[in-house]
Number of protein chains: 2
Amino acid sequence: MNSCGKYVKEMRKQYSLTQEQLAAKAGVGLRFLRELEADKPTLRMDKVNMVLEMFGTKLGVVSKEKQIEL
Amino acid sequence: MNSCGKYVKEMRKQYSLTQEQLAAKAGVGLRFLRELEADKPTLRMDKVNMVLEMFGTKLGVVSKEKQIEL
DNA sequence: GGGATTTATACCCGATAGGGTATAATCATC
DNA sequence: GATGATTATACCCTATCGGGTATAAATCCC
């Protein structure tokens, strides 16, 4: 798990949710969630945070080597 | 320093750069850098990363309480 | 393998992010 | 206090993000 998208995908599966369910719960569009899991780089931070909050996380500053830091 | 914007602002001052200089070095617009330092929530991740990379950092997943994690 | 579910890809379209710029406000130095 | 530099705020305009949706591909379960 070395990217934001992979993180979301793995957490989603841990919670046994479909993309559709997670998107609905997080309040974002299905298409956006898919782009997030595919690590599209141009996503808006607020939308990404709406998803990450479902897992008690959010976007923050990390060192360049690291990707996930909890 | 408990936000991405504050982090950028502080790092920029540590490097003794003006907003204009950092924006130019990072390859983003001056207006964007100002919105970043003001913690506008709807910023695009790729643009934010262009600035953070100047300081050896980037956006990543952090726990909800934390904001900066190096 | 077949049918159902889930995910990936592609399109349209409205809303807005971000570049540029101009002006006002703030700050520094004298 | 005045001058110059830096930062904050406000506007215009284009590019594109994100919602919605439709279809194809992949995955699952029997």
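Letters A, B, ... are given to chains in the order of the sequence lines, protein chains preceding strands, and every chain is numbered from 1. Here the structure is a predicted model, which is why all the values come from computation and not from measurement.
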Exercise. Kindly say whether, by distance alone, the side chain of B:Arg44 makes a donor-acceptor pair under 3.5 Å with the base of C:dA17?
Key: no

Quiz item: Between C:dA17 and B:Lys40, is there an OP1 or OP2 to side-chain N/O distance shorter than 4.0 Å?
Solution: yes

Quiz item: Where does the angle between the aromatic ring planes of B:Phe55 and B:Tyr15 fall among parallel (under 30°), tilted (30 to 60°) and perpendicular (over 60°)?
Solution: tilted

Quiz item: Would a hydrophobic clustering, with Ile, Leu, Val, Met, Phe, Trp and Tyr connected at side-chain separations under 4.5 Å, put B:Val62 with A:Leu52?
Solution: no

Practice problem: Using the rule that two of Ile, Leu, Val, Met, Phe, Trp, Tyr join whenever any of their side-chain heavy atoms come within less than 4.5 Å, decide whether B:Met50 and B:Leu17 are in one cluster. | Solution: yes

Exercise. Using only side-chain N and O atoms of A:Lys9, determine if any of them is under 4.0 Å from OP1 or OP2 of C:dA8.
Key: yes

Self-check item: Flag, side chain of B:Lys58 to backbone of B:Glu53, donor-acceptor distance under 3.5 Å
Solution: no

Self-check item: Length of the line joining B:Leu30:CG and C:dT23:C1', which is rounded to integer Å
Solution: 14 Å

Quiz item: Does a nitrogen or oxygen in the side chain of A:Arg12 sit under 4.0 Å from OP1 or OP2 of C:dT7?
Solution: yes

Self-check item: Nearest-angstrom distance from the residue atom CE of B:Met45 to C1' of C:dG18
Solution: 17 Å

Quiz item: Rounded to the Å, how far apart are A:Asp46 CG and D:dG18 P?
Solution: 8 Å

Quiz item: OP1 or OP2 of D:dC17 less than 4.0 angstrom from a side-chain nitrogen or oxygen of A:Thr42, does that happen here?
Solution: yes

Quiz item: Hey, does B:Leu43 reach any base, or is it just sugar-phosphate, or nothing, if we go heavy atoms under 4.0 Å?
Solution: sugar-phosphate

Self-check item: Value in whole Å for how far the P atom of C:dC11 lies from CD of A:Glu35
Solution: 14 Å

Exercise. Go through D:dT7, C:dA10, C:dG18 for me and flag the one nearest to the A:Arg31 side chain.
Key: C:dA10

Quiz item: CE of B:Met50 versus P of C:dA17: gap in Å, rounded?
Solution: 18 Å

Exercise. Considering just the side-chain nitrogens and oxygens of A:Gln19, establish if one lies under 4.0 Å of OP1 or OP2 belonging to C:dA8.
Key: yes

Self-check item: B:Ala38 or A:Phe32, whichever maps to the more 5' nucleotide of DNA chain D
Solution: B:Ala38

Practice problem: Check the distance between C:dG20's C1' and B:Arg34's CZ and give it to me in whole angstrom. | Solution: 12 Å

Practice problem: Find the distance B:Leu33:CG to D:dT9:C1' and express it as a whole number of Å. | Solution: 15 Å

Exercise. Nearest whole angstrom, please: distance from the P of C:dT7 to the CD of A:Glu20.
Key: 9 Å

Quiz item: Would a distance-only check, ignoring hydrogens and angles, find a side-chain to backbone donor-acceptor pair under 3.5 Å from A:Thr42 to B:Asp46?
Solution: no

